[in-house]
Protein chains: 2
Amino acid sequence: MSPSRPRGRPRLFDKDEALTTIQRIFWKNGYSATSLDQISAETKINRPSLYATFGSKKDIYIKCLEHFAEMMGKRTEAAILSETEISRGLEKVFMQAMEIYRPKAKSDGGPMGCFVTCTAPSEAGADEEIKEVLKMVLDRIDQTMRETVEAAIKDRKIQPKQTAEITGHLLGCLLNGLSLRARSGTSRDELERTAKAGIEQILA
Amino acid sequence: MSPSRPRGRPRLFDKDEALTTIQRIFWKNGYSATSLDQISAETKINRPSLYATFGSKKDIYIKCLEHFAEMMGKRTEAAILSETEISRGLEKVFMQAMEIYRPKAKSDGGPMGCFVTCTAPSEAGADEEIKEVLKMVLDRIDQTMRETVEAAIKDRKIQPKQTAEITGHLLGCLLNGLSLRARSGTSRDELERTAKAGIEQILA
DNA sequence: ATATTTTTATGCGAAGCAGTACATAAATGA
DNA sequence: TCATTTATGTACTGCTTCGCATAAAAATAT
């Protein structure tokens with residue numbers, strides 16, 4: 001069972017690499033304001049090839065949303081596991097999110113804020129499918145926060161006033177609020193100060 | 001100086017009423033996914049008349065953003081002034097925001113979430129002008145929260161651990177996070193529970 | 001009445017859009 | 001070698017988009 005190459009002509013591009021490039025375009029311009037011609041030009045993949053590989057414009061966008069969520073999810077889990085002290089882990093989660101939302105280096109015109117929460121809501125009002133993807137991503141964020149909080153409570157590291165569920169929602173809201181402010185141009189420094197103070201306040 | 005009618009043919013529509021209708025369309029569909037034909041059809045105003053009255057598509061959109069921010073700002077000030085106990089005032093601010101973000105009655109397909117924070121971010125990545133309007137609105141939210149918190153501190157009603165500035169940012173982030181969740185379909189009940197707990201936690 | 005001013009209505013035009021048909025190219029299997 | 005399979009490139013279709021040019025309509029001013 002060697003990984004023999006598939007039958008026909010091989011692709012000239014890497015699927016995952018292309019998806020990352022497309023994601024960046026949607027991230028900066030939003031879904032509706034991005035054209036397939038633009039994607040085709042920047043990836044140098046012809047539109048028929050895009051179709052054959054990823055499907056319709058909406059299919060591509062949703063694949064990008066899931067691709068981004070998966071990347072963030074893995075990084076978040078890794079950050080939490082890397083610290084023994086839970087509140088340190090949460091702080092690390094927020095700090096690396098800020099690095100993605102508002103990169104310090106290369107302050108060129110790259111995309112800012114969270115890809116999902118900055119572009120999907122605009123479409124979610126009229127598109128049920130995108131609305132559901134958005135809900136799934138938000139629920140996943142809150143759930144991860146909640147589980148982290150629950151673990152910390154079990155280890156007697158913290159004793160929050162609110163339930164773990166509510167505390168998870170509050171941490172999620174804080175992250176979303178920071179993403180929005182990153183998109184609007186708030187400085188990295190202010191984002192980080194607000195994040196640290198917010199975590200401290202919410203876990204108290 | 002009687003308010004004599006202007007010289008030419010009078011308009012067949014009310015300017016402010018039209019703006020409210022247009023706002024609702026952008027609110028549901030987002031900026032780029034809304035066409036002027038759609039606006040023309042729903043308002044029954046011909047495109048050239050729209051142009052003469054409000055300017056280009058982006059001009060119209062920005063006028064709607066400012067219209068919405070003005071409306072929310074006035075309601076917020078009124079809510080704060082209506083209560084002597086400040087934390088009660090803040091709770092009222094959040095409760096009436098939730099009523100707008102996720103109306104309990106008429107659960108028809110009306111727009112959900114905050115008009116500004118759900119539609120502007122998508123465009124803000126590539127449009128500097130919209131990005132600046134977004135920043136102004138966010139700053140105004142935080143500033144109002146901060147001033148309210150400062151008034152409460154002065155009256156010795158609360159003694160938050162964080163500075164008034166940070167506390168304002170945290171309350172703003174909470175509001176933005178709730179708006180996003182409203183857009184994704186989270187129930188009114190859960191939004192209200194999270195809001196109340198969040199205010200309590202942030203002011204503690 | 002007639003001129004002037006402003007809004008409304010029709011419809012044009014150049015560009016952009018998503019999606020696809022069809023022929024060609026490049027790989028494998030036999 | 002030759003059929004089969006998959007990807008690529010060109011070019012097209014049918015539709016929508018924004019903005020505007022032009023003429024008619026409805027008001028006031030003289």
Side-chain angles (χ1 to χ4, degrees), chain A residues 1-19 21-23 25-26 28-65 119-120 122-123 126-130, chain B residues 1-19 21-23 25-26 28-65 119 122-123 126-127 129-130:
Chain A
M1 268 223 244
S2 69
S4 67
R5 290 163 81 182
R7 199 95 165 18
R9 177 175 178 171
R11 268 200 208 91
L12 292 180
F13 61 93
D14 179 73
K15 217 168 155 178
D16 218 65
E17 189 184 324
L19 209 62
T21 303
I22 299 171
Q23 181 196 99
I25 303 170
F26 277 131
K28 176 165 185 183
N29 302 97
Y31 172 71
S32 291
T34 300
S35 74
L36 290 182
D37 277 334
Q38 194 180 346
I39 292 175
S40 179
E42 293 204 35
T43 59
K44 283 164 184 145
I45 301 170
N46 292 307
R47 281 227 306 286
S49 294
L50 283 173
Y51 256 84
T53 310
F54 301 111
S56 73
K57 183 184 177 186
K58 208 172 91 174
D59 291 337
I60 301 178
Y61 178 61
I62 289 180
K63 281 187 172 70
C64 285
L65 290 178
T119 68
S122 182
E123 319 299 326
D127 189 313
E128 204 61 34
E129 201 178 347
I130 293 177
Chain B
M1 266 224 242
S2 70
S4 67
R5 291 163 79 182
R7 196 93 163 22
R9 176 175 178 171
R11 266 200 209 92
L12 292 181
F13 61 92
D14 180 74
K15 217 168 153 177
D16 218 66
E17 190 184 323
L19 209 61
T21 303
I22 298 171
Q23 181 195 98
I25 304 170
F26 277 131
K28 178 165 183 183
N29 303 99
Y31 172 71
S32 291
T34 300
S35 74
L36 290 182
D37 278 333
Q38 192 181 347
I39 292 174
S40 179
E42 292 203 35
T43 59
K44 279 160 187 150
I45 302 170
N46 292 307
R47 277 223 310 285
S49 294
L50 284 173
Y51 256 86
T53 310
F54 301 111
S56 73
K57 183 185 176 185
K58 206 172 92 175
D59 291 337
I60 301 177
Y61 177 62
I62 289 180
K63 281 187 172 69
C64 285
L65 290 177
T119 69
S122 181
E123 319 298 326
D127 189 310
E129 202 179 348
I130 293 177

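No hydrogens, no waters, no symmetry mates; every other heavy atom, side chains included, goes into these values. Below, chains carry the letters A, B, ... as their sequence lines are ordered, and counting in each starts from 1.
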If you measure from OG on A:Ser49 to NZ on A:Lys44, what distance do you get to the nearest 0.5 Å? 15.0 Å
Any residue meeting side-chain contact (heavy atoms from CB on, under 4.5 Å) with A:Glu128, in chain and number order, not counting sequence neighbours: A:Lys131, A:Glu132
Show me, range against range, the stems involving DNA chain C, built from at least 3 consecutive Watson-Crick or G-U pairs below 3.5 Å. C:1-30 with D:1-30
Mind checking side-chain contact (heavy atoms from CB on, under 4.5 Å) for A:Thr43 and listing every partner two or more places apart, or none if nothing turns up? A:Thr21, A:Ile22, A:Ile39, A:Ile45
Take atom CG of A:Leu12 and atom P of D:dT6, then tell me their distance rounded to the nearest Å. 16 Å
Which residues in residues 49-64 of chain A have a heavy atom closer than 4.0 Å to any atom of DNA chain C? A:Tyr51, A:Ser56, A:Lys57
Rounded interatomic separation in angstrom, taking CZ from B:Arg11 and C1' from D:dA25: 16 Å
Establish, with yes or no, whether the OP1 or OP2 oxygen of D:dG9 is under 4.0 angstrom from a side-chain nitrogen or oxygen of A:Asn46. yes
Test of understanding: with side-chain contact (heavy atoms from CB on, under 4.5 Å), list the residues that count as partners of A:Arg11, not counting sequence neighbours. A:Phe13, A:Lys15, A:Thr53
Which atom pairs, donor and acceptor, lie under 3.5 Å between side-chain atoms of residues 57-65 of chain B and protein residues at least two apart or in another chain?
{"from": "B:Lys57", "atom 1": "NZ", "to": "B:Tyr31", "atom 2": "O", "distance (Å)": "3.2"}
{"from": "B:Lys57", "atom 1": "NZ", "to": "B:Thr34", "atom 2": "O", "distance (Å)": "2.8"}
{"from": "B:Lys58", "atom 1": "NZ", "to": "B:Asp127", "atom 2": "OD1", "distance (Å)": "3.4"}
{"from": "B:Lys58", "atom 1": "NZ", "to": "B:Asp127", "atom 2": "OD2", "distance (Å)": "2.9"}
{"from": "B:Lys58", "atom 1": "NZ", "to": "B:Glu129", "atom 2": "OE1", "distance (Å)": "2.9"}
{"from": "B:Asp59", "atom 1": "OD2", "to": "B:Ser56", "atom 2": "N", "distance (Å)": "3.0"}
{"from": "B:Asp59", "atom 1": "OD2", "to": "B:Ser56", "atom 2": "OG", "distance (Å)": "3.2"}
{"from": "B:Tyr61", "atom 1": "OH", "to": "B:Thr119", "atom 2": "OG1", "distance (Å)": "2.7"}
{"from": "B:Tyr61", "atom 1": "OH", "to": "B:Ala120", "atom 2": "N", "distance (Å)": "3.2"}
{"from": "B:Lys63", "atom 1": "NZ", "to": "B:Phe54", "atom 2": "O", "distance (Å)": "3.4"}

Describe the nucleic acid contact of B:Ile45 in one word from base, sugar-phosphate, nothing, applying a heavy-atom distance below 4.0 Å. nothing
Taking all atoms of both residues into account, what is the closest heavy-atom pair of A:Gly30 and B:Ser122, and its distance? CA-OG, 3.5 Å
Give the residues of residues 28-43 of chain A touching DNA chain D, defined as any heavy atom closer than 4.0 Å, sorted by residue number. none
Given C:dT8, D:dC20, D:dT10, the nucleotide with the shortest approach to the side chain of B:Phe13: C:dT8
Base, backbone or nothing for each nucleotide of nucleotides 22-30 of chain C, written B, S, -, heavy atoms under 4.0 angstrom, 5' to 3'? ---BBBBS-
B:Arg47: partners by salt bridge (charged side-chain N to carboxylate O under 4.0 Å, His left out), with sequence neighbours left out: B:Asp37
